[in-house]
Engineer: 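The following block contains the structure, expressed as structure tokens.
This is a predicted model, so every value here is computed, not measured. Chain letters run A, B, ... following the sequence lines, proteins first and then strands; every chain starts at 1.
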Amino acid sequence: MFHQWVKRPYRKLMLVALVAGLFSAGCGQQYVMLDPAGPVGKSELHLMILASIAMAIVIAIVFVLFFYALIRFRDKPGNTAPYRPEWDGHKWLEIVWWVLPAVLLTVIAIPMVKTTYALDRIPKAKDPVVIDVTSLTWKWLFQYPGQHVATVNYAVIPAGEPVLFELTANSPMNAFWVPQLGGMEYTMPNRVLPLWLEASKPGTYWGRSAQFSGIGFEKMMFNVKAVSPAAFQAWAQNTHATASPMTMQDYKQLLKFNTVGNATYGGYPQDTFPTVASGFTLTGSGMYTIEHNKNGIKYLPMTMSTNR
Amino acid sequence: MPSFVSYLIHTLFPPSVRLPDILLIDVGLVFGIIGIVVFLTKTGRWGSLWRDWLTTVDHKKIAVMYLIAALLMLFRGGVDALMIRAQLAAPGAHFMPASQYDEVFTTHGTIMIFFMAMPFIFALFNAVVPLMIGARDVAFPRLNAMSYWLFAMGAALFNVSFIIGGSPNAGWTAYPPYTGLAYNPGPGENYYFLALLIAGLGTTMTGINFLVTTIRMRAPGMTLMKMPMFVWSTMVTSALILFAFPPLTVALAMSLFDRLFGSSFFTLAHGGMPMMYVNLFWLFGHPEVYILVIPLFGVFSEVVATYSRKALFGYPLMVVSILAIMFLSYGTWVHHFFTMGAGPGVNAFFGLSTMLIAIPTGVKIFNWIFTMWGGRIQMTTAMLYQLAFIPTFVIGGATGVLLAVVPADYQFHNSYFLIAHFHNVIIGGTVFGLLSALYYWWPKMFGMKLNERQGRWAFWLFFIGFWVTFTPQYFLGLKGMTRRIYTYPAGFGWHQLNVISTVGALIMGAAFVVLVYNIVWSLRFGERDLTGDPWDGRTLEWALPSPVPEYNFARIPVVHERDAWWAMKQRGQSLAGSLRAEDVHDVEMPKNTPIPFLIGVSFFVMGFGMTFKWWPIAIIGFIGVILCLLFSGFDYDDHHHLKADVIRNTEASLGRLQG
């Protein structure tokens with residue numbers, strides 16, 4: 001509720017600030033963090049702006065006090081400002097500056113906690129499209145367990161609905177980041193981390209690895225193409241039917257330390273993606289097992305006894 | 001035999017160290033070393049080098065050695081920074097090969113934090129803490145020398161990597177599994193782990209030493225709440241070091257085992273857990289950023305009070321806030337990896353704890369401003385750095401709060417926004433503080449002032465250069481530029497901002513040149529400090545002559561008030577005037593010893609041997625370490641008595657003896 005009454009004024013402020021500050025540089029749309037194309041990126045931007053305003057208040061107060069003191073109390077001949085060399089404390093002033101930052105931080109903290117929880121739950125959708133992402137040295141492999149297709153260095157997603165990315169690495173750590181869709185998540189060997197993103201409308205959004213992983217790392221860029229759900233289904237079916245499937249040999253080629261262009265496969269071998277994932281998305285707690293079967297995929301919460 | 005030679009050349013000088021710029025440096029180093037040897041021989045200074053420096057246990061000389069090392073490393077780290085900026089100045093540039101770029105950003109970060117900022121801080125601890133608390137030395141002078149030599153040899157080992165064998169290249173955080181043999185077969189990462197382990201041992205010992213010194217060695221009457229703020233910050237920093245360095249040591253040692261002995265703690269294969277390294281590293285790493293900044297909070301508290309000619313505002317709350325920062329800093333480490341899949345509960349907790357730490361920090365800022373309030377502010381160079389620090393650090397802190405907002409951090413993480421933030425606080429807090437301290441305490445350390453006019457030039461260049469460099473990087477972050485990328489294609493709109501940033505870096509480089517000129521000029525022509533109290537100071541170190549005699553205090557002072565020296569002056573007393581010949585007694589002083597130097601050399605040999613897995617050499621070094629420890633353990637001849645007459649003569653020659 002706090003959200004609502006603070007939202008409107010700062011939106012306007014934000015617009016003024018952005019238009020004045022950034023578009024004057026002539027390339028506002030390149031500020032990808034400030035130009036989100038989906039609900040995740042938008043809620044992150046809202047928090048950035050809220051926190052920026054709170055911090056701007058702090059900065060303004062400090063600057064006013066600081067420059068006033070600096071100008072008033074300079075050691076110049078004829079300065080008539082009072083000189084009080086023994087003045088070393090004032091109870092109420094000191095209470096004020098314990099309380100003031102605390103209040104401003106509370107203003108940020110409450111929506112921060114809310115959004116942190118909200119972003120960790122994928123919105124209810126029947127069978128979201130799942131994409132298993134593996135970072136390799138230095139390329140990205142995208143596998144679609146529901147559609148039985150795979151791509152390298154680009155991904156296609158349906159626009160207007162949440163997509164679940166499951167992230168792992170068969171390489172040093174990388175971070176999977178599509179700035180306009182939302183924040184990043186690491187890819188780590190021996191772990192599977194979930195991240196949901198959504199593109200509100202069709203378009204192509206660039207992504208890149210944000211965690212250094214070797215000399216070819218800066219080439220780990222990829223595009224995410226958001227298309228209408230119908231076009232996505234058509235693309236998946238068409239690809240599955242026409243593109244040749246990835247063989248184990250192909251996968252081993254991808255494990256080599258090099259960079260490659262885009263590639264598309266109409267299938268991929270099992271066991272190239274881990275089956276045990278840890279994360280809170282979807283199930284709301286702890287570790288879960290991904291079960292692939294012909295009806296699609298299921299998420300089974302794990303208990304200690306079913307461990308492997 | 002020829003195959004052995006070719007093996008040696010192949011191992012020690014692989015293609016990565018045969019780049020033209022490095023070969024040029026090799027030649028320069030050879031000539032430089034020859035020049036130094038010739039100089040020392042011709043002027044007959046080998047003996048003096050050995051007696052006065054290599055074997056010294058005097059905290060004031062150790063401070064000078066730390067300072068020289070820190071300035072050299074500032075140069076090296078700065079050159080690395082300029083190389084990074086040169087490479088990024090244009091899209092698709094190939095100023096240097098990608099492999100070298102990776103090495104350069106790794107050594108830049110590692111050197112600036114471990115081998116520039118840390119020793120610079122220890123130089124300050126050594127230079128003034130015993131003087132401020134009215135002591136004749138630190139609690140464990142020999143351990144202090146050992147700390148220095150372990151640091152120095154760690155730094156030396158780290159720095160030889162770029163001419164012999166190849167530099168580390170995994171970033172200053174060295175995340176596995178990239179540091180594993182599968183991805184990183186060269187000796188570079190071995191250098192990194194071993195150098196940091198050796199220097200880290202020294203740092204841990206420094207922490208113990210200054211914790212004990214500040215607790216046990218204070219002059220009579222100096223209760224905890226009468227300590228100068230810099231002494232408080234030393235105590236807190238030492239406590240942070242004591243508990244923060246063990247996790248680092250563990251993380252480094254386990255990574256080293258993975259590389260040298262085939263264990264799989266953090267490897268990709270055999271179920272290693274790279275995540276565990278990240279936790280251990282930041283369990284150290286977050287307290288570490290407060291280790292880097294708290295001492296400078298202490299410096300600013302001294303500097304602002306001295307040059308405002310006014311008591312520090314809110315001293316008790318300054319103490320409370322520094323202690324609050326100390327405790328909270330152990331509970332924020334996860335904010336370095338919100339994006340590694342911890343649950344929302346964990347992330348929210350660490351986001352909140354990180355915001356919480358902003359409160360005591362903010363309180364300190366207000367207290368510094370109100371120290372100026374009602375004072376008389378003198379615009380000396382040291383004070384200029386203080387005045388630059390407050391707005392800079394507030395902005396850096398504010399962007400830090402933005403990063404603490406968990407969902408916002410999902411975007412900011414590893415982008416140039418983060419790079420801009422931590423340079424904003426580390427340069428704006430730590431480096432401004434170090435330079436402020438340099439100008440403030442230089443007369444005490446060396447007996448002459450640094451030229452103020454040149455100092456102001458260096459300040460303005462540095463301050464302007466800093467903002468020109470890092471403001472564009474915030475915007476680069478918003479445009480999606482990520483850290484550690486070797487180059488970038490045109491079309492992202494990153495080019496102009498990078499050019500501005502590079503120009504700023506050049507301005508900062510110019511500031512460094514002016515700073516060096518300032519130091520060299522002042523050493524020769526600087527105004528001598530004859531009073532020992534050039535700034536009309538407040539704390540006990542200004543009661544002593546500059547430079548301070550070996551024994552520090554002819555008679556240990558008795559403290560009654562917080563700003564002891566200021567209060568004495570207000571009452572018309574001085575340590576000097578009241579010193580009578582019969583008050584001077586024999587003084588027990590620690591004796592010089594070669595053991596700390598030799599143990600450092602032994603660790604270097606051991607580290608070098610382990611880097612290349614040349615076990616015989618490593619074992620020789622290890623035996624050296626053991627022999628040094630054994631000898632030191634049974635060496636009871638560790639002190640000597642400075643005769644009262646000698647002290648009386650010294651004090652009389654300084655005009656400080658009554659009658």
Engineer: Could you tell me which of A:L70, A:I61, A:T187, A:V58 has the largest number of non-hydrogen atom pairs under 4.5 Å with chain B?
Structural biologist: A:L70
Engineer: Hey, are the side chains of B:F492 and A:V32 touching, using non-hydrogen atoms and a 4.5 Å cut-off?
Structural biologist: no
Engineer: Among B:L352, B:V401, B:L402, find the one that has a side-chain contact (heavy atoms from CB on, under 4.5 Å) with A:I108.
Structural biologist: B:V401
Engineer: Can you say whether B:A182 sits under 4.5 Å from chain A via the side chain, the backbone, both, or neither, judging by heavy atoms?
Structural biologist: backbone
Engineer: Using non-hydrogen atoms and a 4.5 Å limit, figure out which bit of B:T267 sits close to chain A: side chain, backbone, both or neither.
Structural biologist: backbone
Engineer: Quick one: do B:L268 and A:N170 satisfy side-chain contact (heavy atoms from CB on, under 4.5 Å)? Show the steps, please.
Structural biologist: CA-CA 8 Å; B:L268 188 137; A:N170 201 343; 3.8 Å; yes
Engineer: What part of A:Y117 is in contact with chain B, defined as an atom under 4.5 angstrom from a non-hydrogen atom: side chain, backbone, both or neither?
Structural biologist: both
Engineer: For A:S171 and B:P177, which heavy atoms make the closest approach, and how far apart are they?
Structural biologist: O-CG, 4.1 Å
Engineer: I'd like to know if the side chain of A:E185 and the backbone of B:G341 have a donor-acceptor N/O pair within less than 3.5 Å.
Structural biologist: yes
Engineer: For chain B, find which of A:A118, A:P82, A:G41 contributes the most heavy-atom pairs closer than 4.5 angstrom.
Structural biologist: A:P82
Engineer: Compare every heavy atom of B:R484 with every heavy atom of A:F217, then report the nearest pair and how far apart it is.
Structural biologist: CE2-O, 3.5 Å
Engineer: Is it the case that more than 12 heavy atoms not belonging to B:M273 sit under 6.0 Å from its CE atom?
Structural biologist: no
Engineer: Rounded to the nearest 0.5 Å, what separates atom OH in B:Y488 from atom NZ in A:K219?
Structural biologist: 15.0 Å
Engineer: So, B:K310 side chain and A:R84 main chain: donor-acceptor pair closer than 3.5 Å or not?
Structural biologist: no
Engineer: So what's closer than 4.5 Å to chain A heavy atoms on B:N184: side chain, backbone, both or neither?
Structural biologist: neither
Engineer: Out of B:A408, B:A348, B:G375, which one racks up the most heavy-atom pairs below 4.5 Å with chain A?
Structural biologist: B:G375
Engineer: Is it the backbone or the side chain of B:T179 that comes under 4.5 Å from a heavy atom of chain A, or both, or neither?
Structural biologist: neither
Engineer: Any heavy-atom pair between the side chains of A:L195 and B:Y410 that's under 4.5 Å?
Structural biologist: no
Engineer: Give the member of B:V363, B:L356, B:D563, B:V394 that has the highest number of heavy-atom pairs under 4.5 Å with chain A.
Structural biologist: B:V363
Engineer: Might you point out which heavy atoms bring B:F370 and A:L65 nearest each other, and give the distance in Å?
Structural biologist: CE1-CD1, 4.1 Å
Engineer: Is B:P316 close to chain A through its backbone or its side chain, or both, or neither, when contacts mean heavy atoms under 4.5 Å?
Structural biologist: neither
Engineer: Highest number of heavy-atom pairs under 4.5 Å with chain A: which of B:P391, B:A98, B:S321?
Structural biologist: B:P391
Engineer: Pick whichever of A:V113, A:L93, A:V62 has the most heavy-atom pairs under 4.5 Å with chain B.
Structural biologist: A:V62
Engineer: Minimum heavy-atom separation for B:P407 to A:T116, with atom names?
Structural biologist: CD-OG1, 3.4 Å
Engineer: In terms of heavy-atom proximity below 4.5 Å to chain B, should A:L167 be classed as side chain, backbone, both, or neither?
Structural biologist: neither
Engineer: Can you check whether B:A311's main-chain N or O pairs, donor with acceptor, with A:D88's side chain at less than 3.5 Å?
Structural biologist: no
Engineer: If you round to the nearest 0.5 Å, how far is CG of A:L47 from CG of B:D409?
Structural biologist: 11.5 Å
Engineer: Output the distance between atom CE (B:M372) and atom CZ (A:R72), rounded to the nearest 0.5 Å.
Structural biologist: 13.0 Å
Engineer: Are A:F66 and B:W368, when compared by the centres of their aromatic rings, separated by less than 6.0 Å?
Structural biologist: no
Engineer: What residue, out of B:T487, B:V278, B:T482, B:N169, has the most heavy-atom pairs lying under 4.5 Å from chain A?
Structural biologist: B:T482
Engineer: Take A:E94 and B:F366 through the side-chain contact (heavy atoms from CB on, under 4.5 Å) test and state the conclusion after the steps.
Structural biologist: CA-CA 8 Å; A:E94 290 171 60; B:F366 284 117; over 6 Å; no
Engineer: In terms of heavy-atom pairs under 4.5 Å with chain B, which of A:P101, A:A102, A:G214 leads?
Structural biologist: A:G214
Engineer: Is it the backbone or the side chain of A:P179 that comes under 4.5 Å from a heavy atom of chain B, or both, or neither?
Structural biologist: both
Engineer: Taking every non-hydrogen pair under 4.5 Å, which of A:K76, A:R208, A:H90, A:M220 racks up the most with chain B?
Structural biologist: A:R208
Engineer: Need one label for A:L104: side chain, backbone, both or neither, based on atoms under 4.5 Å from any heavy atom in chain B.
Structural biologist: neither
Engineer: For the interface with chain B, which of A:A51, A:A69, A:S209 has the highest count of heavy-atom pairs at distances below 4.5 Å?
Structural biologist: A:A69
Engineer: Got a second to check how far A:M33's CE is from B:Q411's CD, nearest 0.5 Å?
Structural biologist: 5.5 Å
Engineer: Which word best sums up how the rings of A:Y68 and B:W373 line up, parallel for under 30°, tilted for 30 to 60°, or perpendicular for over 60°?
Structural biologist: tilted
Engineer: Would you mind checking which part of A:M184 comes under 4.5 Å of any heavy atom in chain B, side chain (CB onward), backbone (N, CA, C, O), both or neither?
Structural biologist: both
Engineer: Quick one, A:E86 and B:Q570 - any side-chain contact, counting heavy atoms below 4.5 Å?
Structural biologist: yes
Engineer: So, A:Q30 side chain and B:G491 main chain: donor-acceptor pair closer than 3.5 Å or not?
Structural biologist: yes
Engineer: Taking B:T399, B:N347, B:I365, B:I359 one by one, which has the highest count of heavy-atom pairs under 4.5 Å against chain A?
Structural biologist: B:I359
Engineer: So, for A:A210 and B:N414, which heavy atoms are closest and what is the spacing to 0.1 Å?
Structural biologist: O-ND2, 2.6 Å
Engineer: Under a 4.5 Å cutoff for heavy-atom pairs, which residue among B:M481, B:H413, B:R309, B:M340 has the most contacts with chain A?
Structural biologist: B:M340
Engineer: Side chain, backbone, both or neither: which part of A:T137 has an atom under 4.5 Å from a heavy atom of chain B?
Structural biologist: side chain
Engineer: Kindly compute the distance separating CE (A:M188) from CZ (B:F337), expressed to the nearest 0.5 Å.
Structural biologist: 9.0 Å
Engineer: Indicate the atoms forming the closest heavy-atom contact of A:Y83 with B:R376, along with that distance.
Structural biologist: CD1-CG, 3.8 Å
Engineer: Could you grab the distance from atom CD1 of B:I395 to atom CE of A:M55, nearest 0.5 Å is fine?
Structural biologist: 12.5 Å
Engineer: In terms of heavy-atom proximity below 4.5 Å to chain A, should B:L476 be classed as side chain, backbone, both, or neither?
Structural biologist: neither
Engineer: With ring-ring contact (aromatic ring centres under 6.0 Å, His included) as the test, pick out the partner of A:F212 among B:Y486, B:F105, B:Y183, B:Y175.
Structural biologist: B:F105
Engineer: With only heavy atoms counted, which part of A:A175 is less than 4.5 Å from chain B, the side chain, the backbone, both or neither?
Structural biologist: neither
Engineer: Against chain B, label A:S213 side chain, backbone, both or neither, depending on which of its atoms sit under 4.5 Å from a heavy atom there.
Structural biologist: backbone
Engineer: Can you check whether A:M48 reaches B:V405 side chain to side chain, under 4.5 Å on heavy atoms?
Structural biologist: no
Engineer: Is it true that atom CE of B:M276 has more than 12 heavy atoms of other residues, nucleotides or ligands lying nearer than 6.0 Å?
Structural biologist: no
Engineer: Does any backbone or side-chain atom of A:W177 lie under 4.5 Å from a heavy atom of chain B? Answer side chain, backbone, both or neither.
Structural biologist: side chain
Engineer: In terms of heavy-atom proximity below 4.5 Å to chain A, should B:A269 be classed as side chain, backbone, both, or neither?
Structural biologist: neither
